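I have placed the structure first, in the form of structure tokens, so that the comments after it can refer back to it.
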2 protein chains.
Amino acid sequence: MTTNDPIGPTPQLKLDAQLCFALYSTMHGVAKVYRRLLRDLDLTYPQYLVLLVLWEKDEINVSEICQRLQLETTTLTPLLKRLEGRGLIRRTRSAEDERQVIVTLTAEGRALRATAAGIPDCIAAAAALPREDLADLRGRLTRLRDNLAAAG
Amino acid sequence: MTTNDPIGPTPQLKLDAQLCFALYSTMHGVAKVYRRLLRDLDLTYPQYLVLLVLWEKDEINVSEICQRLQLETTTLTPLLKRLEGRGLIRRTRSAEDERQVIVTLTAEGRALRATAAGIPDCIAAAAALPREDLADLRGRLTRLRDNLAAAG
DNA sequence: TGACATTAGATCGTGCACGATATAAATCTC
DNA sequence: GAGATTTATATCGTGCACGATCTAATGTCA
């Protein structure tokens, strides 16, 4: 028989006590809800995030999208190619600086915004918490994220 | 020239206003800190989570780990094979029910617990927030996760 | 007992996510 | 203005994460 606790309690190593696991599993729960909502649009959640960025500001280069989403170019390059393949965006080399790739929404990509307009309300409904609680949670998470970035 | 806002404000579609993006990017920030801490142990964060589960309760089957971590067997099967390849766990078919695979820590897998004992404090330090704030945040996230699961 | 359903894991295919590295264009330095 | 450095993006390899599907073992019930 193996003992389950060979070196003492170490309560911080308990899964349910860990903030990070709460974050991890809650994110998966959110992703699951989004998958259902985005299935109609045939989008993944990261693809949806890229469109959110472009709906706010069109004709930006890849690294600006990277900065906004805190993702590496190695993640975004294939994702953007898929969005281009779907006809939602165009990727063109900048004339002034040939190193940059400018990402532009197509008419279809812009049109998708109207279809997506209802998504935040669906998420809020699934969250089933008062709007101010959600805003408060967002603020706390953002502060944590900034602290981690400063520490790392 | 393309307009940036062809269908009106729709402020809920703003990236920075979205709780879900805060969750998503904060999780990536956390993962980044863990990657640095776990590099010495040659573990990924999901692998570390599996070990947390086993350090709490050894000799459990695959589906129990799935339930604890809220992951699919299709995610865990290859991950467990990698941990087995590293010599940290063993996978054996149950004698009573041949469908089940029982996961057991090896001596090396148990020993790793001592090495990992300092990680939670490192994370707390990087988070740079009072312990009660972190506990509060964990509670709020768990509530949100449960609501989403109930809705989905 | 034999047909059917259920359960536990595994396999396959697709899409993130990132570290290490490559390449080409722009910029800096002398 | 030639060579070194930096910058923007792409390529490659590995590891999650999940939906769809498969297989084998178990359970059910006529």
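Note that the structure is predicted; figures quoted are calculated from it, not measured. These values consider heavy atoms only, across backbone and side chains, with no hydrogens, waters or symmetry-generated copies. A note on names: the letters A, B, ... follow the listed sequences, proteins ahead of strands, and every chain is numbered from 1.
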Between [X] ([atom1]) and [N] ([atom2]), how many Å, whole number?
X: Glu72(A); N: dA8(D); atom1: CD; atom2: P; value: 13 Å
X: Leu69(B); N: dC16(D); atom1: CG; atom2: C1'; value: 13 Å
X: Asp97(A); N: dT6(D); atom1: CG; atom2: P; value: 17 Å
X: Arg93(A); N: dA24(C); atom1: CZ; atom2: C1'; value: 8 Å
X: Arg86(B); N: dT14(D); atom1: CZ; atom2: P; value: 16 Å
X: Leu80(A); N: dT9(D); atom1: CG; atom2: C1'; value: 11 Å
X: Asn61(A); N: dA24(C); atom1: CG; atom2: P; value: 20 Å
X: Glu98(A); N: dT27(C); atom1: CD; atom2: C1'; value: 16 Å

Reckon [X] touches a base, only the sugar-phosphate, or nothing at all at heavy-atom distances under 4.0 Å?
X: Glu64(A); result: nothing
X: Thr75(B); result: base
X: Leu76(A); result: nothing

Original post:
dA25(C), dC18(C), dC18(D): which one has an atom nearest the side-chain heavy atoms of Leu71(B)?
Top reply: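 Selected nucleotide: dC18(D).
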Original post:
Nearest to the side chain of Gln100(B), which nucleotide is it out of dC16(C), dA8(C), dT9(D)?
Top reply: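 For Gln100(B), the side-chain atoms sit closest to dA8(C).
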**OP:** Quick one: pull up CD1 in Ile89(B) and OG1 in Thr92(B) and give me the separation to the nearest 0.5 Å.
**Re:**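 So the gap between those two atoms works out to 10.0 Å.
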Side-chain ion pair, [X] and [Y], N-O less than 4.0 Å:
X: Arg68(B); Y: Glu56(B); value: yes
X: Arg91(B); Y: Glu84(B); value: yes
X: Glu64(B); Y: Lys57(B); value: yes
X: Arg138(B); Y: Asp16(A); value: no
X: Asp133(A); Y: Arg143(B); value: no

**OP:** Mind telling me whether Tyr45(A) and Tyr24(B) have parallel, tilted or perpendicular rings, with 30° and 60° as the class edges?
**Re:**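 Perpendicular: the ring planes of Tyr24(B) and Tyr45(A) meet at over 60°.
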Closer than 4.0 Å, any side-chain N/O of [X] to the OP1 or OP2 of [N]?
X: Ser63(A); N: dT7(D); result: no
X: Arg91(A); N: dA10(D); result: yes
X: Arg82(B); N: dC16(D); result: yes
X: Thr77(B); N: dA10(C); result: yes
X: Lys81(A); N: dT11(D); result: yes

Original post:
In terms of side-chain heavy atoms, does Arg90(A) have a donor or acceptor partner in Thr104(A) at a distance below 3.5 Å?
Top reply: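 No, Thr104(A) and Arg90(A) have no side-chain donor paired with an acceptor closer than 3.5 Å.
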**OP:** Strictly below 4.0 Å, heavy-atom distances to any atom of DNA chain C: list the hits from residues 17-45 of chain B, or just say none.
**Re:**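 Contacts with DNA chain C under 4.0 Å: Tyr24(B), His28(B), Arg35(B).
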Subject >> Whichever of Thr73(A) and Pro78(B) has its nearest DNA chain D nucleotide further upstream toward 5' >> reply: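 Counting from the 5' end, the first nearest nucleotide belongs to Thr73(A).
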Subject >> Side-chain donor/acceptor contact of Arg99(B) with base of dT7(C) under 3.5 Å >> reply: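 Indeed, a donor on one side and an acceptor on the other fall under 3.5 Å apart.
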Subject >> N/O donor-acceptor pair, side chain Thr74(A) with base dG19(C), under 3.5 angstrom >> reply: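 Counting by modelled atom types and ignoring angles, a donor-acceptor contact under 3.5 Å is found here.
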Subject >> 5′-ward residue of the pair Gln70(A)/Ile102(B) relative to DNA chain C >> reply: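 Comparing both residues, the 5'-ward one is Ile102(B).
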